[in-house]
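Every chain is numbered from 1, with letters handed out A, B, ... down the list of sequences. None of these values were measured; they are calculated from a predicted model.
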Amino acid sequence: MKEYSPKDIEKKWQDIWEKNEAFKTSDDYTMPKYYALVEFPYPSGQGLHVGHPRPYTALDIISRKRRMQGYNVLFPMGWDAFGLPTENYAIKNKIHPRIVTERNVERFKNQLKAIGYSFDWSKEINTTDPNYYKWTQWIFLQLFKKGLAYKTKMPINWCTGCKVGLANEEVVNGVCERCGSPVVRKEKTQWMLKITAYADRLIKDLDLVDYVEKIKVSQKNWIGRSEGAEVDFKLKGLDETLTVYTTRPDTLFGATYMVISPEHPLIDKYKDIIENYSEAVAYREEAAKKSDFERTELVKEKTGVEIKGIKAINPVNGNEIPVWISDYVLMSYGTGAIMAVPAHDERDWDFAKKFGLPIIEVVAGGSVQEAAFTDIKTGKLVNSDFLNGLDVTAAKAEIIKFLEEKGIGHKKVNFKLRDWVFSRQRYWGEPIPIVHCDKCGYVPIPEDQLPLELPEVESYMPTDTGESPLAAMTDWVNTTCPCCGGPAKRETDTMPQWAGSSWYFLRYIDPHNNDALASKEALEYWTPVDWYNGGMEHTTLHLLYSRFWHKFLYDLGIVPTAEPYKKRTSHGMILGENGEKMSKSRGNVVNPDDIVNEFGADTLRTYEMFIGAFDMAASWSQNGVKGCRRFLDRVWKLQELLVPGDSYSKEFETKMHQTIKKVSNDYEGLKFNTGIAALMALLNDFYAAKHINRAEFKTFLILLNPVASHITEELWEIAGFDGYLYQTKWPEYDESKTIEQSITIAVTVNGKVRGKVTINLDEDEESVKAKAHEEAGVKKFLEGKNIFKEIYVKNKILNIVVK
RNA sequence: GCGGAUAUGGCGGAAUUGGCAGACGCGCCAGACUUAGAAUCUGGUUCUUCGUGAGUGCAGGUUCAAGUCCUGUUAUCCGCACCA
């Protein structure tokens with residue numbers, strides 16, 4: 001027997017698979033299809049991380065198993081290659097980002113191939129390829145034509161380090177998600193995508209898909225739907241209405257002041273009337289200077305300025321109330337103005353306490369001078385005229401009816417979700433295919449001129465002015481208007497990294513199509529994605545953005561399904577040996593190449609699947625890796641125990657059927673750790689028996705093949721089984737043969753196990769009891785006692801209750 | 001603060017419907033092989049004062065029977081965070 005040498009056999013089989021196009025997706029659309037998708041990586045300079053193989057191996061297992069079960073499987077891979085780190089590296093080392101990207105992709109690809117994934121590489125895509133981003137730009141143009149892409153001046157999150165505008169989602173604790181520099185707000189004209197137009201459907205259609213519950217919850221929370229009302233307040237002595245949004249219109253009688261956001265237009269509109277205008281402006285400037293981080297840090301300490309010279313009128317009781325400015329009211333949510341009900345809102349309560357504003361109780365049940373009373377279940381309305389005595393729900397309905405009749409308010413649904421800031425002032429992204437003409441405004445580039453390719457520039461350095469490096473390319477920027485032929489300027493902002501990843505799963509389906517993002521027939525056959533697995537960190541943004549784009553394409557009739565992904569799961573993170581997140585600074589990073597070199601790809605694959613429950617975080621353990629290698633060594637040596645036999649032996653028949661069932665179900669249910677454990681246990685049984693027949697060996701190899709693909713293929717060949725293992729059919733099990741005919745059950749006395757008896761399947765209850773009473777361990781505990789009750793659960797347990 | 005999750009041996013983790021807690025792996029202990037070590041193989045391994053004992057973060061409850069169900073509570077992790 002040869003030594004087990006992963007180095008030799010893994011390369012050998014990877015070459016054979018490649019030469020045979022073993023995992024190429026078929027164009028036979030009569031076959032049942034299965035589309036398995038993993039998140040494509042950003043090809044960073046660091047190379048593959050041990051976190052990558054966890055989800056990749058998981059769906060590789062599913063894909064390999066499904067192929068053996070007769071499915072036409074699409075399991076593709078590609079590169080999400082636009083992005084800041086590449087650009088930053090390019091700037092630092094003066095290399096074109098395209099070259100950097102090529103190099104990184106090459107490295108990633110070699111690493112992935114060395115792990116032996118069954119990707120169909122003929123479907124490979126790269127978001128930075130002009131043939132790919134042609135269609136990213138095309139989708140953008142469709143959004144523009146439908147009015148879902150628009151340009152607006154707005155305060156953006158400005159990263160002081162990257163010198164680039166960030167989406168809200170990219171700001172973490174007030175600092176840039178990528179570089180950690182402080183983020184401040186800055187006014188800039190930006191391209192926006194109207195994702196809010198899809199907010200309702202993005203929530204409702206979650207009912208159509210099979211996502212793990214926590215993903216659905218986080219999608220819903222992010223969209224943040226809330227039901228309430230808009231109410232108009234008149235300003236005293238002015239022909240002006242200040243509209244607020246509230247989820248508690250029932251508390252309208254308790255509104256003792258109003259607050260508007262520092263950026264609210266009212267301030268400038270009435271600068272001549274506002275007695276302390278300069279104070280208001282100073283406050284606004286102070287607020288703008290604060291980074292979001294400082295704003296949230298100071299959560300407890302409320303600040304604000306009263307607007308002198310303006311009063312509002314509470315529309316239900318005619319009371320004159322002051323109007324304040326405070327940065328706890330956000331311009332970007334609701335109307336940028338609120339009615340403050342300090343008795344029943346914690347933030348208003350804090351503010352009122354600090355500035356000595358009146359607190360009027362309108363829902364009884366708490367002590368509002370001590371704390372805001374926010375319980376909406378138990379309270380009854382008081383001090384509220386016609387609402388008195390109602391509970392909160394009834395009062396809400398009543399007041400909305402009243403407001404609508406009087407024409408001073410109406411029911412309103414709001415979302416936390418905001419439109420998507422789609423501009424980046426960067427070089428390494430998709431150019432936005434729009435020109436600006438003084439006469440015609442924003443004009444789309446004709447579709448036949450796509451892709452609009454990135455020009456070669458001298459420097460990728462972003463500028464302090466906030467312009468993209470493309471702005472310096474005057475030859476490129478100055479162009480003619482496709483509409484009137486006059487002079488025009490190209491858009492110099494580029495798209496965010498999210499753009500390319502919002503539709504990549506559609507391009508995999510037909511990646512070389514020059515006439516459409518994918519052919520109609522291919523889309524009909526392959527969509528939706530049957531199973532999409534990715535990290536929890538992408539369950540809000542990427543998932544939401546791609547669902548939005550997909551729904552938009554669905555509305556255009558381009559894709560046949562309303563939802564892109566039928567099923568979505570998430571894997572847990574892989575932590576360092578010390579239980580902390582892997583990072584260079586902590587010195588606990590494990591490089592997958594080292595594991596492949598030292599132990600082999602099959603060991604890496606097996607270990608990452610055996611490490612623990614798939615959806616939970618798990619700590620790396622080098623000893624655990626060794627254990628998996630030991631398992632594969634023992635699998636290799638099974639050759640020595642091989643005996644003839646073309647059907648399962650009596651001894652192992654039940655076990656074989658049980659294991660086929662367990663492994664099949666466990667793989668499909670993402671319970672790889674217990675599936676592998678079952679194979680280890682079976683292996684131990686073969687060793688205990690000191691033999692395994694050819695039929696058993698064959699099944700064992702097939703079951704293990706999706707996990708440890710190379711070693712099983714090699715053993716298959718050595719044993720002289722027909723053809724290649726990857727072409728073999730997945731084994732079936734017979735349910736009736738998974739059931740043992742003779743079983744051992746526990747006998748408990750007063751709930752404690754005192755003995756065991758062996759019985760036949762479905763043995764008569766009286767006979768089981770008789771056996772149990774004679775069992776030595778049990779007998780001891782029955783002596784001198786009265787049997788009070790006996791509970792027999794068929795084929796499971798017998799509990800005897802004695803006194 | 002809000003939302004989600006987790007808590008089981010020395011460690012990673014198992015345990016369909018409530019029905020033998022600790023599968024499988026690591027580590028450790030003993031033995032075999034070896035001049036010796038490594039590797040490998042065999043056996044053992046929750047704790048224990050060894051009993052008719054205790055035991056799934058903690059305190060109660062339901063049940064013949066609870067890691068699993070109910071009430072309360074603590075700790076840790078993740079996400080969101082002034083969203084009116």
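- Looking at the side chain of A:W222, the nearest of the listed nucleotides B:A23, B:C26, B:C80 is B:C80.
- A donor-acceptor pair under 3.5 Å is formed between the side chain of A:N750 and the backbone N or O of A:V802.
- A cation-pi arrangement is absent between A:K302 and A:F351, since the terminal nitrogen or guanidinium carbon is not both under 6.0 Å from the aromatic centre and inside a 45° cone about the axis.
- For the strand RNA chain B, secondary-structure stems (runs of at least three Watson-Crick or G-U pairs, all distances below 3.5 Å) span B:1-7 with B:74-80, B:10-12 with B:24-26, B:27-32 with B:40-45, B:57-61 with B:69-73.
- Between B:A7 and B:G13, the distance separating the two P atoms is 9 Å to the nearest Å.
- Atom name C1', nucleotides B:A23 and B:U73: the rounded distance is 32 Å, in whole Å.
- Residue A:N414 is classed as having no contact, given no heavy-atom separation below 4.0 Å to the nucleic acid.
- Among the nucleotides B:G3, B:G4, B:A14, the one closest to the side chain of A:K214 is B:G4.
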One pair to check against side chain to side chain contact (heavy atoms under 4.5 Å, CB included): A:L330 and A:S261. What are the steps and the verdict? CA-CA 6 Å; A:L330 310 174; A:S261 156; 5.9 Å; no
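- Sorted by residue number, the members of residues 624-639 of chain A with any non-hydrogen atom under 4.0 Å from RNA chain B read A:G627, A:R630, A:R634.
- Among the protein residues, A:T247 comes within range of the sugar-phosphate backbone only, with heavy atoms under 4.0 Å from sugar or phosphate atoms but none that close to a base.
- Closest to the A:Y328 side chain, of the nucleotides B:G3, B:A84, B:C82, is B:C82.
- Counting any heavy atom pair closer than 4.0 Å across all strands shown, A:I611 reaches sugar-phosphate atoms only and no base atom.
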Side chain to side chain contact (heavy atoms under 4.5 Å, CB included) evaluation trace for A:T246 with A:I338: CA-CA 7 Å; A:T246 177; A:I338 63 158; over 6 Å; no
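- Distance CG (A:D666) to C1' (B:G13): 14 Å, rounded to an integer number of Å.
- Note on A:T744: a base of the nucleic acid sits closer than 4.0 angstrom, heavy atoms only.
- Between the NZ atom of A:K794 and the P atom of B:U17 there is a distance of 20 Å, given to the nearest Å.
- The main-chain N or O of A:F415 is never found under 3.5 Å from a side-chain atom of A:Y333 such that the two would form a donor-acceptor pair.
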I'd like to know whether A:K412 forms a salt bridge (Lys or Arg N to Asp or Glu O under 4.0 Å) with A:E227, so could you lay out the CA-CA distance, the side-chain angles of the two residues, the decisive distance to 0.1 Å, and finally the verdict. CA-CA 6 Å; A:K412 169 86 180 171; A:E227 284 183 17; over 6 Å; no
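- Here A:A340 lies out of heavy-atom contact (under 4.0 Å) with every strand.
- Following rounding to the nearest Å, A:E640 (CD) and B:C41 (C1') show an atom-to-atom distance of 12 Å.
- Looking at heavy-atom distances under 4.0 Å, A:K671 makes contact with sugar-phosphate atoms alone, never a base.
- Without hydrogens or angle criteria, A:T603 side chain to A:C628 main chain gives no donor-acceptor distance under 3.5 Å.
- Between A:N673 and the phosphate of B:A14, there is a side-chain N or O to OP1/OP2 separation shorter than 4.0 Å.
- Checked by atom type and distance alone, the side chain of A:E790 never pairs as donor or acceptor with a backbone atom of A:I787 at under 3.5 Å.
- Distances shown here put a side-chain N or O of A:S226 below 4.0 Å from the OP1 or OP2 atom of B:A84.
- A distance-only check finds a donor-acceptor pair linking the side chain of A:Y687 to the backbone of A:R634 [under 3.5 Å].
- Side-chain atoms of A:K416 stay outside donor-acceptor range of the base of B:C80, with no qualifying N/O pair under 3.5 Å.
- Within the nucleic acid shown, A:V217 comes within 4.0 Å of sugar-phosphate atoms alone, with no base atom in reach, counting heavy atoms only.
- The side chain of A:F610 sits closest to B:C24 out of B:C24, B:C64, B:G27.
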Under the criterion salt bridge (Lys or Arg N to Asp or Glu O under 4.0 Å), I'd like the reasoning laid out for A:R568 against A:E39: C-alpha separation, chi angles, the key distance, then a yes or no. CA-CA 11 Å; A:R568 165 82 186 196; A:E39 287 174 343; 3.0 Å; yes
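- Distance CG (A:N623) to C1' (B:C28): 12 Å, rounded to an integer number of Å.
- For A:Y333, counting side-chain heavy atoms from C-beta on, the closest listed nucleotide (B:U52, B:C82, B:A84) is B:A84.
- With a glycosidic angle no further than 90° from 0, B:G9 counts as syn.
- Considering only side-chain atoms of A:D327, the nucleotide from B:C20, B:C82, B:C24 that sits closest is B:C82.
- Comparing B:U46 with B:A81, their P atoms are spaced 48 Å from each other, to the whole Å.
- Comparing B:G67 with B:U56, their P atoms sit 7 Å apart, to the nearest whole Å.
- Comparing the same atom, P, in B:C26 and in B:C33 gives a spacing of 24 Å after rounding to whole Å.
- The same atom, C1', is picked in B:U8 and in B:G22; the two are 8 Å apart, to the nearest Å.
- Atom P of B:G18 sits at a distance of 9 Å from the matching atom of B:C69, rounded to the whole Å.
- Under 3.5 Å, the side chain of A:K796 and the base of B:U17 form at least one donor-acceptor pair of N or O atoms.
- Rounded to a whole Å, the CZ atom of A:R225 is 12 Å from the P atom of B:A84.
- At B:G3, none of the side-chain N or O atoms of A:N221 fall inside 4.0 Å of OP1 or OP2 (strictly under the cut-off).
- Phosphate proximity of B:A23 to A:N684: absent, as no side-chain N or O sits under 4.0 Å from OP1 or OP2.
- Summarising the geometry, the separation between CG on A:N795 and P on B:C20 is reported as 14 Å, rounded to the nearest angstrom.
- In the set B:A54, B:A14, B:A84, the nucleotide with an atom closest to the side chain of A:V329 is B:A84.
- Pairs engaging residues 606-616 of chain A under the side chain to side chain donor-acceptor pair (under 3.5 Å) rule: none recorded [sequence neighbours left out].
- Nucleic acid contact class of A:K756 (heavy atoms, under 4.0 Å, all strands): base.
- Between A:D685 and A:K655 there is a salt bridge, since at least one side-chain N of the basic residue sits less than 4.0 Å from a carboxylate O of the acidic one.
- When the nucleotides B:A84, B:C20, B:G53 are ranked by their closest atom to the side chain of A:V753, B:C20 comes out on top.
- For the pairing with A:L544, the side chain to side chain contact (heavy atoms under 4.5 Å, CB included) check across A:W498, A:W420, A:W222 returns one residue only, A:W222.
- Heavy atoms of A:N799 sit under 4.0 angstrom from at least one base atom.
- Nearest nucleotide to the side chain of A:V793, out of B:C20, B:C24, B:G19: B:G19.
- Within the nucleic acid shown, A:N750 has no heavy atom closer than 4.0 Å to any nucleic acid atom.
- Counting any heavy atom pair closer than 4.0 Å across all strands shown, A:T246 reaches sugar-phosphate atoms only and no base atom.
- For the P atoms, the distance from B:U48 to B:G9 is 14 Å, rounded to whole Å.
- A salt bridge does not link A:E598 to A:R629: none of the charged nitrogens lies less than 4.0 Å from a carboxylate oxygen.
- The A:T674 side chain lies nearest to B:A23 when the options are B:C64, B:A23, B:A84.
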